[in-house]
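Here the structure comes first, spelled out in structure tokens, and everything after it is commentary.
Residue numbers start from 1 in every chain, and the chains themselves are labelled A, B, ... in the order their sequence lines are given, proteins ahead of strands. Predicted model only: the values in this text are computed from it and were never measured.
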Amino acid sequence: MGVALRDIIAPYKKPAEPQDLTGVASIDAYNALYQFLSIIRQPDGTPLMDAKGRVTSHLSGIFYRTSNFLQQGIQPVWIFDGKPPELKSRTIDERRAVREEAQEKWNQAKREGDTAGAFRYAMASSRLDDEILYSARELLGLLGVPVVDAPSEGEAEASNMVRTGVARYVASQDYDTLLFGAPLLVRNLTVSGKRRFHGRMVNVQPETVVLEEVLMGLGLSREELIDVAILVGTDFNEGATGVGAKTALKRVKAGEFGDIISSKLPDLDPEPVRSFFLNPPVSDSYPLEWKKPEHDRIIAFLCENYGFSEDRINPILEKITGRGKQRTLDSWF
DNA sequence: CCCGCGTA
DNA sequence: TACGCGGGG
């Protein structure tokens, strides 16, 4: 979600080559989990669930994607959100309201047999509850993938990891990471490159966004890019009505940021938002270790506990644990 | 999302 | 090999 900067940043996206993606990837955990939960669903919007009715969509996504990453030389580290800043409370309340309304509309669409609508509303009603967060972390642990707990926003922490050289890039769909100063952002970080969208197959390639290129291209400093975002609206402030990314860009370049704030957003003090993007709470210490996936415990967890088919899980697991003849992956751990 | 199958 | 489709839990 986050910031509506797409219109001005999209021109700087570039397709990612496989060699761009190797190394340590800081995964925005909430972003990835929402992605899985909203997309891994049946046509009427029902998520994957085990016999006890527990949602398993995210476990499927984590397992298959992590397996692919490890085989492609991508070392994922998942960054989980900590306590959200007070500035975000309005956004959080709004999102809850949107989710609850979507839940109603999902039920209604199902009753009326409106499949397309049902899927759309089901996506919008996705919610990360404790059970999903715990099970996600447990599976990541069994896969040997390190997890980082951000003190505040995961995106800020993930961006800091790239700034400090601990990770090569942030993987997220959101552009907010650029505001937090991530030098390199990768969107659509998938391996298969294909995605089903409204029943059709569309080719989705991973794409890179280099902060430096965005700033150079737009002729902005990072501080000014943040000001543009503030005018449009961020997770931490409401935007000015009628001001889109292009207008905001023009105004900031003309030095009119303050004018717009006083005329259109008189109640907003932009300083706390600016300083949150520039100096967010981050932990700054990342002891990361990738371990070999624990074959038997993963089978127990996914298949015995959550009802996944062993016939599907085992072959993939054998590839990444190096059981059998393949020893090539051992060098990774 | 991801896999695997049938098809051409 | 490439794509569309159905099913996964």
Take atom CG of A/L302 and atom P of B/dC2, then tell me their distance rounded to the nearest Å.
16 Å
Write down the distance between CG (A/N305) and P (C/dG9), rounded to a whole number of angstrom.
14 Å
Aromatic ring proximity, centroids under 6.0 angstrom, A/F63 and A/F308
no
Rounded to whole angstroms, how far apart are CZ on A/R41 and P on C/dG6?
20 Å
Is there a side-chain polar atom (N or O) of A/N68 under 4.0 Å from OP1 or OP2 of B/dC1?
no
If I take atom CZ in residue A/F63 and atom P in nucleotide C/dG8, what distance separates them, rounded to the nearest angstrom?
17 Å
For residues 82-116 of chain A, pull every pair meeting ring pair (Phe, Tyr, Trp, His ring centres under 6.0 Å), keeping only residues two or more places apart or in separate chains.
none
In whole angstrom, what separates A/N31's CG from B/dC1's C1'?
13 Å
Are A/D93 and A/R96 ion-paired here, with the side-chain N under 4.0 Å from a carboxylate O?
yes
What is the separation between atom CD1 on A/I40 and atom P on B/dC3, rounded to the nearest whole Å?
11 Å
Looking at B/dC3, C/dG9, C/dG8, which one has an atom nearest to any side-chain atom of A/I316?
B/dC3
Strictly below 4.0 Å, N to O, side chains only: are A/R274 and A/D227 in salt-bridge contact?
yes
Do A/D114 and A/Y121 have side-chain atoms, one donor and one acceptor, less than 3.5 Å apart?
no
Picking from A/E104, A/K105, A/E112, what satisfies side-chain hydrogen bond (donor to acceptor under 3.5 Å, both in side chains) with A/Q108?
A/E112
What are the residues of residues 121-138 of chain A, sorted by number, that bring a heavy atom to within less than 4.0 Å of DNA chain C?
none
Side chain of A/T190 (C-beta onward), nearest among B/dC3, B/dC2, C/dG8:
B/dC2
Before accepting this row, confirm whether a basic side-chain N of the pair A/K88/A/E153 lies closer than 4.0 Å to the acidic partner's carboxylate O.
yes
Mind checking if A/T56 touches a base, just sugar-phosphate, or nothing, with heavy atoms under 4.0 Å?
sugar-phosphate
May I ask you to say what A/S38 touches in the nucleic acid, namely base, sugar-phosphate or nothing, with a heavy-atom cut-off under 4.0 Å?
nothing
Atom-to-atom span, CG of A/D44 to P of C/dG8 - whole angstrom:
14 Å
CG of A/L70 versus P of B/dC2: gap in Å, rounded?
14 Å
Return no unless some side-chain N or O of A/R312 is found under 4.0 Å from OP1 or OP2 of B/dG4.
no
